[in-house]
A.B. asks: 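Shown below is the structure under consideration.
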Amino acid sequence: MARSAHVFLMCPPEFFTVAYIINPWMHGNLRRIDHAVAKQQWRALYDLVTDDATVRLVLPQPGSPDMVFTANAGLAKGRRFIVSRFRYPERQYEEPYFADWFMDRGYEVSLMPRDVPFEGAGDALFDRGEGCLWMAHGHRSIPAAREVLAKRLKLDVVVLKLTDQRFYHLDTCFCPLEGGFLLYYPGAFDEASRAAIESRIPAAKRIAIEEDDALSFACNAVNIDSTVVVNRASAGFVKALARHGFEVVQTPLSEFMKAGGSAKCLTLRLDEP
């Protein structure tokens, strides 16, 4: 099969560890990363993605253990890149490294206002059918980011509210799939947000998952055409996606789950038109 035109940014886990606690998943995991296993798991994901797409690499930096989660670097569309404004100081060191990477490659790079936390493609995901951008707030990003994104990207931005601390970024519980399908965990959102999702995505294209799959970060998936790469998924999840023409590929990412991340968190899609 010919390789797709999709391009992703990844960062090797050279300095990855749990060095602080900024989400519920990190509790109890300080300095408990098995680095050898983490490197094996990251490489397995890298190999799976490169089977079907192109992967670019950004160099990891000491003092930025979460830089491996490139989804949070910012938001890329065409040749534009909006750099994240991290809520927590622990991750703010990453911002200039990601900005430099994109500037060095000719992107039009812009910054978020200082008082507007926004955590990139962790909290902003392009719909694959509607042509809109889904943006979440509630834990990291704030609603004011919507106006900035809508103006700079000239897109309809639909705002959702996250209400469960375990799902602190949108990409932990919500994954637009090719063909306009949507994989999501309804329990992570407030009632108004669930209504907004249902009003935009027809029932036949909504794939709502159960809590067990959600807690395995099954929504934190890398979607490349008809392939959906996840950490772990139930048989029911695999069957549900198969009914819509998707093949689920599971690859263990347990070490990254200790920091609150999985497959999608470890990648940033660069080929958004």
A.B. asks: Donor-acceptor pair, distance only, cut-off 3.5 Å: does the side chain of His169 make one with the backbone of His139?
C.D. replies: no
A.B. asks: Between Val249 and Val230, is any pair of side-chain heavy atoms under 4.5 Å apart?
C.D. replies: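 No; the side chains remain at least 4.5 Å from each other.
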A.B. asks: Measuring from Leu125:CG to Asp123:CG, what's the distance to the nearest 0.5 Å?
C.D. replies: 8.0 Å
A.B. asks: Would you say Asn231's side chain and Ala263's backbone share a donor-acceptor pair under 3.5 angstrom?
C.D. replies: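 Pair absent, no side-chain N/O of Asn231 close to backbone of Ala263.
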A.B. asks: Between Met135 and Ala145, which heavy-atom pair has the shortest distance, and what is it?
C.D. replies: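 So the two residues come closest at SD-CB, 3.8 Å.
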A.B. asks: Does a side-chain heavy-atom distance below 4.5 Å link Phe126 with Leu75?
C.D. replies: yes
A.B. asks: Calculate, to the nearest 0.5 Å, the distance between atoms NE2 and CG belonging to His137 and Leu170 respectively.
C.D. replies: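 Rounded to the nearest 0.5 Å, the NE2-CG separation comes out at 11.0 Å.
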A.B. asks: Should we say atom CD of Glu198 is surrounded by more than 12 heavy atoms from elsewhere, each under 6.0 Å from it?
C.D. replies: yes
A.B. asks: For Leu253 and Ser262, work out which heavy atoms get closest and say how close.
C.D. replies: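 It is CD1-OG, 3.7 Å.
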A.B. asks: In Å, rounded to the nearest 0.5 Å, how long is the span from CD1 of Ile82 to CZ of Arg80?
C.D. replies: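 It comes to 8.0 Å.
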A.B. asks: side-chain contact (heavy atoms from CB on, under 4.5 Å) between Leu182 and Phe174: does it pass, once the steps are laid out?
C.D. replies: CA-CA 7 Å; Leu182 175 67; Phe174 185 98; 3.5 Å; yes
A.B. asks: About how many Å separate CG of Leu30 and OG1 of Thr17, when rounded to the nearest 0.5 Å?
C.D. replies: 8.0 Å
A.B. asks: Would you call Arg269 and Glu178 a salt bridge, taking side-chain N to carboxylate O under 4.0 Å as the test?
C.D. replies: yes
A.B. asks: With Thr251 as reference, evaluate Val229, Asp47, Val49, Val222 under the side chain to side chain contact (heavy atoms under 4.5 Å, CB included) test and give the passing residue.
C.D. replies: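 So, applying the side chain to side chain contact (heavy atoms under 4.5 Å, CB included) to Thr251 and each of Val229, Asp47, Val49, Val222, only Val229 qualifies.
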A.B. asks: Report yes or no: do Leu57 and Phe69 belong to one cluster of Ile/Leu/Val/Met/Phe/Trp/Tyr joined by side chain heavy-atom distances under 4.5 Å?
C.D. replies: yes
A.B. asks: Show your working on side-chain contact (heavy atoms from CB on, under 4.5 Å) between Glu95 and Arg85 and close with a plain yes or no.
C.D. replies: CA-CA 7 Å; Glu95 294 170 13; Arg85 181 74 69 182; 3.9 Å; yes
A.B. asks: Same cluster for Ile22 and Val18 if Ile/Leu/Val/Met/Phe/Trp/Tyr side chains link at under 4.5 Å?
C.D. replies: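 Yes; Val18 is reachable from Ile22 via cluster members.
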A.B. asks: Ignoring hydrogens and geometry, is there a side-chain-to-backbone donor-acceptor pair from Asn223 to Asp225 under 3.5 Å?
C.D. replies: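 Judged by distance alone, yes, a pair lies under 3.5 Å.
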A.B. asks: Taking NZ, NE, NH1 and NH2 as the nitrogens, is one of them in Arg200 or Glu130 under 4.0 Å from a carboxylate oxygen of the other?
C.D. replies: yes
A.B. asks: For residues 200-234, which residue pairs pass the ring pair (Phe, Tyr, Trp, His ring centres under 6.0 Å) check, not counting sequence neighbours?
C.D. replies: Trp25-Phe217
A.B. asks: Between Arg79 and Glu108, does any NZ, NE, NH1 or NH2 come within less than 4.0 Å of an OD or OE carboxylate oxygen?
C.D. replies: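 Salt bridge absent between Glu108 and Arg79.
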A.B. asks: Would you call Phe256 and Leu266 a side-chain contact if the rule is heavy atoms closer than 4.5 Å?
C.D. replies: yes
A.B. asks: Can you tell me how far apart OG1 (Thr227) and NE2 (His6) are? Round to the nearest 0.5 Å.
C.D. replies: 10.0 Å
A.B. asks: If the threshold is 4.0 Å, N to carboxylate O, is there a salt bridge linking Glu255 and Arg32?
C.D. replies: no
A.B. asks: Ring-plane angle category for His244 and Phe181, please: parallel below 30°, perpendicular beyond 60°, tilted otherwise.
C.D. replies: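 The arrangement is tilted - the two ring planes meet at 30° to 60°.
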A.B. asks: Treating Ser193 as the side-chain partner and Leu160 as the backbone partner, does any N or O pair qualify as donor plus acceptor under 3.5 Å?
C.D. replies: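 Between the backbone of Leu160 and the side chain of Ser193 there is no qualifying donor-acceptor contact (under 3.5 Å).
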A.B. asks: Do Pro65 and Phe15 make a side-chain contact, defined as non-hydrogen atoms from C-beta onward lying under 4.5 Å apart?
C.D. replies: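 No. Closest side-chain heavy atoms not under 4.5 Å.
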A.B. asks: Run the ring pair (Phe, Tyr, Trp, His ring centres under 6.0 Å) test on Tyr88 and Tyr20 for me, step by step, so that the C-alpha distance in whole Å, both residues' side-chain angles and the decisive distance to 0.1 Å come before the verdict.
C.D. replies: CA-CA 11 Å; Tyr88 290 105; Tyr20 40 72; 8.7 Å; no
A.B. asks: State, to 0.1 Å, how close Arg152 and Met112 come at their nearest heavy-atom pair, and which atoms those are.
C.D. replies: NH1-N, 4.1 Å
A.B. asks: Just jot down the side chain to side chain donor-acceptor pair (under 3.5 Å) partners of Asp100, sequence neighbours excluded, or say none.
C.D. replies: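 Scan of Asp100 (side chain to side chain donor-acceptor pair (under 3.5 Å), adjacent residues dropped) gives none.
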A.B. asks: With a 4.5 Å cut-off on side-chain heavy atoms, are Glu247 and Ser226 touching?
C.D. replies: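 With C-beta onward as the side chain, the pair stays apart.
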A.B. asks: How about Asp156 and Leu133: do any of their side-chain heavy atoms sit closer than 4.5 Å?
C.D. replies: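 SC-SC contact between Asp156 and Leu133 ruled out.
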A.B. asks: Indicate the atoms forming the closest heavy-atom contact of Leu162 with Cys173, along with that distance.
C.D. replies: CD2-SG, 3.6 Å
A.B. asks: Taking transitive links into account, so neighbours of neighbours count too, which hydrophobic residues share a cluster with Leu111 at under 4.5 Å side-chain distance?
C.D. replies: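 Val7, Leu9, Val58, Met67, Phe81, Val83, Tyr97, Phe98, Trp101, Phe102, Met103, Tyr107, Val109, Leu268, Leu270, all in the cluster of Leu111.
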A.B. asks: How about Leu48 and Ile224: do any of their side-chain heavy atoms sit closer than 4.5 Å?
C.D. replies: no
A.B. asks: Looking at every heavy atom in both Gln250 and Arg232, which two are closest together, and how far apart are they?
C.D. replies: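 So the minimum-distance heavy-atom pair works out to OE1-CA, 3.5 Å.
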A.B. asks: Looking at Cys175, is its backbone amide N or carbonyl O close enough to the side chain of Trp134 to form a donor-acceptor pair, meaning the two atoms are under 3.5 Å apart?
C.D. replies: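 Flag not set: sc Trp134 to bb Cys175 has no pair under 3.5 Å.
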A.B. asks: Going by ring-ring contact (aromatic ring centres under 6.0 Å, His included), name the residues that satisfy it together with Phe237, two or more places apart in sequence or in a different chain.
C.D. replies: none
A.B. asks: Rounded to the nearest 0.5 Å, what separation is found between the CG atom of Leu183 and the CG atom of Leu177?
C.D. replies: 5.5 Å
A.B. asks: Find out if a path of hydrophobic residues (ILVMFWY) with successive side-chain heavy-atom gaps under 4.5 Å connects Phe16 to Tyr93.
C.D. replies: no
A.B. asks: Test ring pair (Phe, Tyr, Trp, His ring centres under 6.0 Å) on Phe167 and Tyr185; report intermediate values, then the result.
C.D. replies: CA-CA 10 Å; Phe167 305 102; Tyr185 173 54; 5.3 Å; yes
A.B. asks: Just do the side-chain contact (heavy atoms from CB on, under 4.5 Å) check on Ile21 and Asn23 with the steps written out, would you?
C.D. replies: CA-CA 6 Å; Ile21 297 174; Asn23 70 56; over 6 Å; no
A.B. asks: Got a sec, which residues hit salt bridge (Lys or Arg N to Asp or Glu O under 4.0 Å) with Arg194, two or more places apart in sequence or on another chain?
C.D. replies: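 For Arg194 there are no salt bridge (Lys or Arg N to Asp or Glu O under 4.0 Å) partners, ignoring immediate neighbours.
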A.B. asks: Treating Ser84 as the side-chain partner and Gly120 as the backbone partner, does any N or O pair qualify as donor plus acceptor under 3.5 Å?
C.D. replies: yes
A.B. asks: Salt-bridged, Asp171 to Lys264, with N to O below 4.0 Å?
C.D. replies: yes
A.B. asks: Main chain of Arg87, side chain of Glu119: is a donor-acceptor contact present, judged purely on distance under 3.5 Å?
C.D. replies: yes
A.B. asks: Does the side chain of Asp213 pick up a donor-acceptor pair with the side chain of Ser234 at under 3.5 Å?
C.D. replies: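 Yes - a donor-acceptor pair under 3.5 Å links their side chains.
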A.B. asks: Asp115 and Ile142: which non-hydrogen atoms are nearest, and at how many Å?
C.D. replies: O-CD1, 3.6 Å
A.B. asks: With sequence neighbours excluded, what pairs up with Glu211 under the side chain to side chain donor-acceptor pair (under 3.5 Å) test?
C.D. replies: Arg166
A.B. asks: Do Arg91 and Asn72 come close enough that some side-chain heavy atom pair is under 4.5 Å?
C.D. replies: yes
A.B. asks: What verdict does the side-chain contact (heavy atoms from CB on, under 4.5 Å) test give for Tyr168 and Arg140, after you've listed the backbone C-alpha separation in whole Å, the side-chain angles of each residue and the deciding distance to 0.1 Å?
C.D. replies: CA-CA 7 Å; Tyr168 61 96; Arg140 297 293 187 85; 3.6 Å; yes
